[in-house]
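Below: the structure, in C-alpha cells.
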Amino acid sequence: MTVPFLDLNIQYQSIKPEIDKAIQNVIDHSAFILGKAVSEFEREFAAAHSVKHCIGVSSGTDANHLALWSLGVGPGDEVIIPANTFIATAWGATLCGAKPIFVDCEPDGYTIDATKVEQVITQKSKAIVPVHLYGQSADLDTLAEIANKNKLFLIEDAAQAHLAEYKGKMVGGLSEAASFSFYPGKNLGAFGEAGAVTMNNDQLAINLKMMREHGQSEKYHHEVLGHNYRMEGIQGAVLGVKLKYLKEWTEKRRTVAEKYKKLLGDVEQIVLPKEMPYAKHVYHLFVIRVKEKREKREERRNGLMRYLNENGVATGLHYPVPLHLQNCFKYLGYNKGDFPVSEELAELGLSLPMFPEMSDVQIEYVCDIITKFFMKQ
Ligand SMILES: *Cc1c(COP(=O)(O)O)cnc(C)c1O
C-alpha cells in the first residue's frame with residue numbers, strides 16, 4: 001500500500017465540473033489579471049475570516065513582503081520572527097531591506113515563544129511576525145501586549161492557517177495585517193501561485209491595493225512606490241470555488257488528526273501535536289516529534305522516516321534546517337545552539353501524510369507502520 005503526503009488530484013476530481021466552468025468563464029471574458037473572479041474571492045475570503053479587507057496578491061511570499069512594506073518597514077529596521085518557519089517569513093523582512101531577528105519557538109505549540117520576544121527588542125525593532133505554524137495560531141494576545149508596549153507592528157503569517165482560530169476568533173484579522181498563501185499544497189490552494197493580505201484598517205487597504213499594482217491610483221498615475229503583485233483571474237476563480245468547501249475540508253483534517261492521535265496515543269517514543277488551549281488547529285501539517293537523546297536524535301528520526309518510506313508512506317520535514325542556521329543568513333552571526341527548541345524540532349520532527357480525503361485505511365496503515373518500527377527497536 002502507498003500513502004501519498006497529500007493528494008491534490010482527489011480534491012480536484014471531487015469538484016471538477018465547477019472548477020472547469022469557473023476557469024472557462026475567466027478565459028471567455030479574458031479576465032486574466034485581477035477582475036471579477038478575484039474581487040469576489042477577496043470579499044468572500046475576508047468574510048470567512050471576519051476581517052474587513054482582503055487584497056489578493058501573487059503569492060504568500062509577496063504577501064509577506066507587502067504587509068511589511070505597506071507599513072513602512074525599511075532599511076535599518078529589525079523584524080522579529082520565529083527561527084522555525086518557512087524561509088518566506090524572513091523574505092518579508094529582507095525584501096524591505098530590514099534585518100530578520102530570530103526567536104525560538106515554544107516546545108508545545110511550536111509557534112514563536114512570546115516569553116523570549118522582549119529580550120531581542122531594540123531601538124531598531126519595527127515589527128513582530130508570528131507564524132501560525134502547521135495550522136495552529138501563535139499566542140496573539142501575549143504578543144499584542146508586547147507589541148503595543150514597545151510600539152511595534154504585529155503581523156500574522158497565516159500562510160498555513162486558513163480558518164484557524166485564536167480564542168474563538170478567526171486568524172487574519174487579529175493584528176495590523178495578515179498574510180496568506182494559496183500555494184497549491186496549502187489548506188486552500190490555487191492552481192498556481194497566489195496569496196493575500198488581510199487587514200481591518202481602511203487606509204492600509206487602500207495603500208496596499210495601490211502597491212500591489214505599481215503604486216497606481218488610476219492607470220499610469222503612480223501615487224506611491226509599488227510593484228506588480230497582482231493575483232491572476234484564474235487563481236481567483238479556482239479559489240472562489242474551493243473556498244466554499246474549505247470549512248468541510250478543515251473539519252476533515254481535524255478528524256484525520258483525531259484518528260492519528262487515537263491510534264498513536266500509546267506509542268511512547270513519540271510526541272503528538274498538541275492543540276493549545278487558545279487555538280483551533282487546522283492541521284495544515286501533522287508533525288510528530290520522536291523522543292531521543294541528543295547524540296542520536298537525527299539518526300532515530302531518519303530511521304523512522306526511512307522505514308515509513310520503504311513501506312510506501314510519504315513523509316515531510318518542516319523544517320530540516322532552522323532559519324538561523326541557513327547559509328543565506330550567515331551574515332547575521334547566529335550559531336548552532338542559539339535556539340535549542342527549533343533545533344530539536346528540526347532534528348526530531350516528522351510530518352505524516354495529511355489531507356482531508358485521507359481514508360481510515362490509510363490512517364490505520366501509517367499508524368501500523370509507526371507502531372511496528374518502534375516494536376522492532
Ligand atoms: C507557504 C508559506 C509562505 C509562502 O507562500 P508562497 O505562496 O509559497 O509564496 C510563507 N510563510 C509560510 C509560513 C508558508 O508556509
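Read the numbers this way: they start at 1 and go in the same order the structure lists the ligands and their atoms.
Polar contact with ligand 1: present for Lys186 (N/O pair, distance under 3.5 Å). Looking at ligand 1, you'll find an N or O of Ser181 within less than 3.5 Å of one of its N or O atoms.
Going from atom NZ of Lys126 over to atom NZ of Lys124 covers 13.0 Å, rounded to the nearest 0.5 Å.
Scanning all protein heavy atoms for the shortest distance to atom 15 (O) of ligand 1 gives Gln160 NE2, 2.8 Å. The closest protein non-hydrogen atom to atom 11 (N) of ligand 1 is Asp157 OD2, 2.9 Å. Remark: minimum distance from atom 12 (C) of ligand 1 to any protein heavy atom is reached at Ala159 CB, 3.4 Å.
A donor atom on one side chain and an acceptor atom on the other are found under 3.5 Å apart for Asn309 and Thr315. No donor-acceptor contact under 3.5 angstrom links the side chains of Tyr183 and Gln160, judged on distance only. A side-chain N or O of Asp20 and one of Tyr12 form a donor-acceptor pair less than 3.5 Å apart. Ser175 and Glu156 share a donor-acceptor pair across their side chains, judged by distance under 3.5 Å alone.
Grouping the Ile, Leu, Val, Met, Phe, Trp and Tyr side chains by contacts below 4.5 angstrom, directly or via other members, places Ile128 with Phe339.
Between Glu275 and Lys280 there is no salt bridge, since no side-chain nitrogen of the basic residue lies less than 4.0 Å from a carboxylate oxygen of the acidic one.
Atom numbering of ligand 1 starts at 1 in the shown order; those under 4.0 Å from a heavy atom of Ala88 are 3 (C), 4 (C), 10 (C). Within ligand 1, counting atoms from 1 as listed, the ones closer than 4.0 Å to a heavy atom of Asn64 are 10 (C), 11 (N). Within ligand 1, counting atoms from 1 as listed, the ones closer than 4.0 Å to a heavy atom of Thr85 are 13 (C). Set against the non-hydrogen atoms of Thr61, the atoms of ligand 1 under 4.0 Å away are 4 (C), 5 (O), 6 (P), 9 (O). Short contacts between ligand 1 and Val131, defined as distances under 4.0 Å to a heavy atom of the residue, involve ligand atoms 13 (C).
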